[in-house]
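I am attaching a structure below and will ask some questions about it afterwards.
Predicted, not measured: the structure shown is a model, and the values here were computed from it. Convention: sequence-line order gives letters A, B, ...; per-chain numbering from 1.
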There are 2 protein chains.
Amino acid sequence: MESELACPIAPVVDLVFSRWTTPILWTLNEHGRLRFVELERRIGTITPKVLTQRLRQMERDGLVTRTYHPEVPPRVEYEISELGRSLAPVFHGLAEWSKRNLAKVDEARSRYDGTN
Amino acid sequence: MESELACPIAPVVDLVFSRWTTPILWTLNEHGRLRFVELERRIGTITPKVLTQRLRQMERDGLVTRTYHPEVPPRVEYEISELGRSLAPVFHGLAEWSKRNLAKVDEARSRYDGTN
DNA sequence: ATAGTCACTTTCCTCTAGGTACCTGCTATC
DNA sequence: GATAGCAGGTACCTAGAGGAAAGTGACTAT
């Protein structure tokens, strides 16, 4: 939504790392196709309104596919798309960095706060 | 700031991809040590208040180092730390993904909007 | 007859990140 | 003596994201 000329990855950051998209994508990547309530329950703290919003947006962006089954009660299944799955290496890289360096961040914070 | 139990990379996303941190980190990585106003001008649309906030936060997290020179006029230099630099592969991965797949996102959006 | 399921939608409300605008102390420059 | 530059700090304000709670419609199970 911003120009941010200085940073070429700004658009993809907006796309992939805006609020709730990572938990949704991660969950969908781990558990395959899931129904709305399953997704809701796995993520735990998200409200249905926001979950719908995010899913619509991600469907529009082609990261997620939505399959509607006109039954009663209705059944809707969400699945990560091929495009969404192509983000896996990036996510994996982040997980690795996290494992290696998150402790250092905590140390840095303690040092900065003088609580060492 | 959230639990988000379902997603192990949530903490690092909060850390690295919160607003303005990517442009700042990117700029600092490209141009080496920079003074406050140089950073401000390169990023272009950021306000001094927010830039200060973000820089303090990133200094606390150990991603950036701040060097104060008690001269007149005062000179302060910001530099990306080793920890910050260790994010380079992740950023590179994102840039690559961007180059390869951002067009697909646009296509998906056009398809979704019916403007094809 | 009542309650429950699913996949949302709608309304209302709060909260805070971030923007605007102005201030500081010190100096060099016009 | 007025202005500009540096590196911010401070007070105020607003838009908009996101949460809470209730409703919907069609059906089933108890």
Ring geometry between A:Tyr78 and A:Phe36 (parallel below 30°, tilted from 30 to 60°, perpendicular above 60°):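 Judged by the thresholds at 30° and 60°, the geometry between A:Phe36 and A:Tyr78 is tilted.
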
Whole-Å gap separating P (D:dG8) and CD (B:Gln57):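 These atoms are roughly 16 Å apart.
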
Candidate nucleotides C:dC8, C:dC6, D:dC6, ranked by approach to the side chain of A:Pro73 - the nearest: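 Closest nucleotide to the A:Pro73 side chain: C:dC6.
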
OP1 or OP2 of C:dC8 under 4.0 Å from side-chain N/O of A:Arg66: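 So the side chain of A:Arg66 is within the cut-off, an N or O lying under 4.0 Å from OP1 or OP2 of C:dC8.
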
Among D:dG8, D:dG18, C:dA7, the one nearest A:Phe36 by side-chain distance: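 Given the options D:dG8, D:dG18, C:dA7, the side chain of A:Phe36 is closest to C:dA7.
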
A:Ile43 CD1 - D:dG18 P separation (whole Å):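 Distance check: A:Ile43 CD1 to D:dG18 P gives 13 Å.
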
Euclidean distance, atom CZ of residue A:Arg54 to atom C1' of D:dG19 [Å, nearest integer]: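 Interatomic distance, CZ of A:Arg54 to C1' of D:dG19: 13 Å.
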
Short N-O contact, B:Arg35 and B:Glu38, less than 4.0 angstrom: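 The answer is no: the pair does not qualify as a salt bridge.
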
Proximity to the side chain of A:Pro74 - top-ranked nucleotide from C:dC6, C:dT9, D:dG8: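 Of all the options, the side chain of A:Pro74 is nearest to C:dC6.
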
Interatomic distance, A:Leu51 CG vs D:dA20 P [rounded to whole Å]: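 So the two atoms are 14 Å apart, to the nearest Å.
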
B:Arg19 vs C:dG18: side-chain N/O to OP1/OP2 distance below 4.0 Å: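 For B:Arg19, the contact criterion (side-chain N or O under 4.0 Å from OP1 or OP2 of C:dG18) is met.
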
Short side-chain N/O contact to D:dG5 OP1/OP2 from B:Arg75, under 4.0 Å: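 So the side chain of B:Arg75 is outside the cut-off, no N or O lying under 4.0 Å from OP1 or OP2 of D:dG5.
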
B:Glu82 and B:Arg85 ion-paired at < 4.0 Å: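 The answer is no: the pair does not qualify as a salt bridge.
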
Euclidean distance, atom NZ of residue A:Lys49 to atom P of C:dC13 [Å, nearest integer]: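 Going from NZ in A:Lys49 over to P in C:dC13 covers 13 Å.
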
Check ion pair A:Glu77-A:Arg33 (N to O, under 4.0 angstrom):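 Salt bridge flag = yes for A:Arg33 with A:Glu77.
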
Distance in angstrom units between B:Ile24 CD1 and C:dG18 C1', rounded: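 My rounded result for the distance is 13 Å.
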
5' precedence on DNA chain D between A:Val50 and B:Arg35 (nearest-nucleotide basis):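 Upstream on the strand: B:Arg35.
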
Spacing between A:Glu38 atom CD and C:dC6 atom P, to the nearest angstrom: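 These atoms are roughly 9 Å apart.
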
Whole angstrom value for the distance that separates P of C:dA7 from CZ of A:Arg56: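 To the nearest whole Å, that distance equals 12 Å.
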
Selection from D:dG8, D:dC6, D:dA20 that lies nearest to any side-chain heavy atom of B:Arg41: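 Output: D:dC6.
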
Electrostatic pair B:Glu40-B:Arg42, nearest N-O below 4.0 angstrom: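 Salt bridge absent between B:Glu40 and B:Arg42.
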
Under-4.0 Å side-chain N/O to phosphate OP1/OP2 contact, A:Tyr68 with C:dC6: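 Looking at the OP1 and OP2 atoms of C:dC6, neither is under 4.0 Å from any side-chain N or O of A:Tyr68.
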
